[in-house]
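Notes follow once the structure below has been shown.
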Amino acid sequence: MAAWSVTDWQQYPCGQQVDYPDQSILQDTLQTLNRLPPLVDSTEIDQLRQHLVLAERGEAFILQGGDCAESFADCTQTVITNKLKILLQMSLILVHGLRKPIIRIGRIAGQYAKPRSKLMETIDDVSLPSYRGDIINQPAFTEAARTPNPKRMLEGYYYAAATLNYLRALIDGGFADLQHPENWDLTFVQHAIMAKDYAKLVGAIRDALAFVQTINGIKASSLHQIDFYTSHEALHLPYEQALTRQVNGRWYNLSTHLPWVGMRTADLHGAHIAYLAGLANPVGIKISSTVDIDWLGAIIDRLNPHNEVGKLILITRLGKENVNRCLPKLIEAIQQRRASVIWSCDPMHGNTQTTSQGYKTRHFDDILSELQQTFACHQAQGSHLAGVHFELTGDNVTECIGGARGLNEQDLQQAYKSLVDPRLNYEQSLEMAMRIAQLHRTTD
Ligand code: PEP
Ligand code: CO
């Protein structure tokens with residue numbers, strides 16, 4: 001096979017491609033992006049791959065989560081802090097419940113491009129390009145806002161850099177240190193049903209840490225640092241290419257640690273797979289209930305030709321109605337091929353429904369049901385679920401229904417903020433982590 005090159009993908013059919021009206025601005029912008037420093041370092045990506053080897057062996061568990069579509073306007077101190085906080089709190093619950101290290105991966109600092117099933121939107125006889133994510137155009141239904149603007153890629157780069165910079169500052173500054181109760185105590189869920197359980201758990205972990213510190217003489221400061229990785233869908237390939245760089249003979253996408261290919265662009269003969277095939281990064285693949293098993297096998301061979309461990313994450317998003325029909329066959333096919341993969345579950349995207357008032361939503365119980373069935377299928381076949389993938393936020397939004405507080409369809413209008421898909425709110429996310437810890441106890 002001829003050597004891979006970073007521009008190869010351009011020869012293949014590219015799903016979800018963007019037509020920019022001005023090619024010269026596009027080329028100038030891409031050249032600028034290509035000169036700018038990377039957002040992450042290849043050593044961090046190699047380190048993530050080492051952690052993923054543990055997940056593949058069942059010795060660690062992946063928590064991946066964040067917005068469906070990050071917005072530039074949400075690049076603020078509060079929103080970033082709350083996202084890190086909810087992911088850390090969930091990971092604490094999971095560490096305690098699963099007795100395994102948790103690999104924390106945000107859908108953050110670059111989750112700006114969205115695939116759409118309809119590339120045009122029509123309102124009152126006016127047709128305009130659909131909103132495709134802040135890195136491409138804007139949500140307002142006007143021609144100016146919806147026309148793709150290449151300069152938004154440069155803005156996206158700077159917003160991602162600002163987000164990452166602040167995340168790194170929080171983490172380096174000891175944000176994850178359990179001795180900082182303000183970061184671990186619950187804010188607006190103080191009266192929630194699970195607040196007591198959570199407080200008990202944090203107390204128990206603090207006591208355990210204090211005990212270890214006393215007997216081993218380990219200083220608290222050596223325990224406060226954590227690893228945190230970023231991920232986004234590698235959808236908008238001109239941007240991804242501009243941030244793909246060669247390091248010691250290997251090509252890395254240095255805009256994120258973990259790029260994934262979405263369900264709509266995971267085409268064996270398409271541009272996205274051609275692009276991802278050359279990267280040293282670990283890669284995620286979303287798998288829907290319409291998957292063809294031979295076709296998935298061919299994609300796996302393409303993305304991981306040497307069958308390396310810790311390289312490929314298969315993220316099933318089948319829908320609660322389809323798990324028992326689809327997943328056992330998928331697991332069996334992967335076992336027969338002896339393919340090295342890490343299984344994760346996105347219980348959000350196969351369980352979306354629209355309410356009578358037109359809100360896109362997801363029910364907490366459907367999400368949990370998909371997870372429950374997925375854990376059980378893996379266990380029944382001698383496989384294991386090594387991770388979960390959520391759309392969530394650290395803020396108090398009302399986008400998904402159900403959960404301990406019993407949000408219903410009427411409540412959605414109170415704080416529905418997502419630009420694309422509905423996310424679990426702060427309280428629902430915490431509750432979900434507690435339910436996973438319970439599930440794991442019953443299936444492990
Ligand atoms: C997403 O993760 O936001 C997404 C679009 O997922 P999928 O490709 O699985 O539909
Ligand atoms: Co989504």
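In what follows, every heavy atom counts, from backbone to side chain, and hydrogens, waters and symmetry copies are set aside. Everything numeric here is computed off the predicted structure, so don't read it as measured data.
- Going from atom CD1 of I25 over to atom CG of N149 covers 7.0 Å, rounded to the nearest 0.5 Å.
- In this structure, the separation between OH on Y229 and CG on L258 is 11.5 Å, given to the nearest 0.5 Å.
- Annotation: side chain of T352 is not in contact with side chain of M348 (no heavy-atom distance under 4.5 Å).
- In the model, T230 has a side-chain atom that pairs as donor or acceptor with a side-chain atom of H257 under 3.5 Å.
- Of the charged side-chain nitrogens involved, at least one lies within less than 4.0 Å of a carboxylate oxygen, so that D67 and K83 count as a salt-bridged pair.
- No donor-acceptor pair under 3.5 Å is formed between the side chain of Q428 and the backbone N or O of F364.
- No donor-acceptor contact under 3.5 angstrom links the side chains of E399 and Y359, judged on distance only.
- Between the H272 side chain and the L235 main chain, a donor and an acceptor come within less than 3.5 Å of each other.
- Among all heavy-atom pairs drawn from P282 and L48, the shortest one is CG-CD2, 3.8 Å.
- At distances below 3.5 Å, not a single donor-acceptor pair connects side-chain atoms of R302 with backbone N or O atoms of A274.
- Between D8 and S5, the side chains place a donor N or O and an acceptor N or O closer than 3.5 Å (distance only, hydrogens not considered).
- In this structure, Y20 and H236 have tilted ring planes: the angle between them lies in the 30° to 60° band.
- Between L243 and P38, every side-chain heavy-atom pair lies at or beyond the 4.5 Å cut-off.
- Interatomic distance, L170 CG to K85 NZ, rounded to the nearest 0.5 Å: 11.5 Å.
- S24 and D22 form a side-chain donor-acceptor contact under 3.5 Å, judged by distance and modelled atom types alone.
- The backbone N or O of D134 lies less than 3.5 Å from a partner atom in the side chain of R152, making a donor-acceptor pair.
- Ring orientation note: the planes of F72 and Y112 are nearly perpendicular, at an angle over 60° on the 30°/60° scale.
- The main-chain N or O of C68 is found under 3.5 Å from a side-chain atom of K114 such that the two form a donor-acceptor pair.
- For F61 against L385, the heavy-atom pair with the smallest separation is CE1-O, 3.5 Å.
- A heavy-atom distance below 4.5 Å is not found between the side chains of I105 and F228.
- Checked for salt-bridge contact, R337 and E332 miss the test: no charged N lies under 4.0 Å from a carboxylate O.
- The local environment of CG in D292 is crowded, with over 12 non-hydrogen atoms from other residues, nucleotides or ligands closer than 6.0 Å.
- With respect to R146 and E121, a salt bridge is recorded, a charged nitrogen being found less than 4.0 Å from a carboxylate O.
- In terms of modelled atom types and a separation under 3.5 Å, the side chain of R245 and the main chain of A242 share a donor-acceptor contact.
- Pairing each heavy atom of L39 with each of S255, the nearest pair is CD1-O, 3.9 Å.
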Under the side chain to side chain contact (heavy atoms under 4.5 Å, CB included) criterion, do K320 and D365 qualify, and how do the steps go? CA-CA 10 Å; K320 64 157 183 156; D365 293 345; over 6 Å; no
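- Residues E70 and Y159 form no side-chain contact, since every pair of their non-hydrogen atoms from C-beta on lies 4.5 Å or further apart.
- The aromatic rings of W4 and Y275 lie tilted to each other, with the angle between the two planes from 30° to 60°.
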Could you give me the CA-CA distance, side-chain angles and deciding distance for W260 and H232, then say whether ring-ring contact (aromatic ring centres under 6.0 Å, His included) is met? CA-CA 6 Å; W260 80 80; H232 67 245; 7.4 Å; no
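- Residue N253 holds its CG atom at 5.0 Å from CD of E240, rounded to the nearest 0.5 Å.
- When side chains are defined from C-beta on, I313 does not count as touching I285, because their heavy atoms never get closer than 4.5 Å.
- Annotation: the span from W343 atom CH2 to L330 atom CG amounts to 5.0 Å, rounded to 0.5 Å.
- Closest approach of A386 to A55, counting heavy atoms only: CB-O, 3.4 Å.
- Around the CD atom of Q414, the shell of radius 6.0 Å holds more than 12 heavy atoms that belong to other residues, nucleotides or ligands.
- A donor-acceptor pair under 3.5 Å is absent between the side-chain atoms of T265 and the main chain of V261, judged by distance alone.
- With N82 as the fixed residue, the side-chain hydrogen bond (donor to acceptor under 3.5 Å, both in side chains) test singles out one of T393, D395, T76: D395.
- Between L279 and P259 the shortest side-chain heavy-atom distance falls below 4.5 Å.
- With contacts defined as side-chain heavy-atom distances shorter than 4.5 Å, the pair L33/M153 qualifies.
- No side-chain N or O of S288 forms a donor-acceptor pair with one of R317 less than 3.5 Å apart.
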Output, in order, the C-alpha distance, side-chain angles, deciding distance and verdict of side chain to side chain contact (heavy atoms under 4.5 Å, CB included) for Q372 and I367. CA-CA 9 Å; Q372 213 157 10; I367 297 166; over 6 Å; no
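- Note on R49 versus E308: salt bridge recorded, some NZ/NE/NH1/NH2 to OD/OE distance being below 4.0 Å.
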Please lay out, stage by stage, how M434 and L430 fare under the test side chain to side chain contact (heavy atoms under 4.5 Å, CB included). CA-CA 6 Å; M434 295 211 175; L430 271 185; 5.7 Å; no
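- D41 and Y252 share no donor-acceptor pair across their side chains, judged by distance under 3.5 Å alone.
- Atoms OG1 and CD, from T256 and E44 in turn, are 10.5 Å apart once rounded to the nearest 0.5 Å.
- Between Q335 and I331 the shortest side-chain heavy-atom distance falls below 4.5 Å.
- Side-chain N or O atoms of R423 include none that pairs as donor or acceptor with a backbone N or O of C400 at under 3.5 Å.
- Across all non-hydrogen atoms, the minimal contact from L63 to S91 is CD2-N, 3.9 Å.
- Proximity of a side-chain donor or acceptor of H378 to a complementary backbone N or O of S383 within less than 3.5 Å is not detected.
- Donor-acceptor pairing under 3.5 Å is recorded for the side chains of Y166 and Q77.
- Between the side chain of S231 and the backbone N or O of G106, at least one donor-acceptor pair lies under 3.5 Å.
- Side chains of Q373 and S369: a donor on one and an acceptor on the other come within 3.5 Å.
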Kindly determine whether K360 and D421 satisfy salt bridge (Lys or Arg N to Asp or Glu O under 4.0 Å), including the steps that lead there. CA-CA 7 Å; K360 232 178 170 191; D421 287 338; 2.7 Å; yes
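- Contact record, A280 with I45: O-CG2, 4.5 Å, taken as the closest heavy-atom pair.
- Checked against salt bridge (charged side-chain N to carboxylate O under 4.0 Å, His left out), E391 has the following partners two or more places apart in sequence or in another chain: R107, R362.
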Kindly indicate, with the supporting measurements, whether the criterion side chain to side chain contact (heavy atoms under 4.5 Å, CB included) is fulfilled by Q241 and L30. CA-CA 9 Å; Q241 179 190 320; L30 292 174; over 6 Å; no
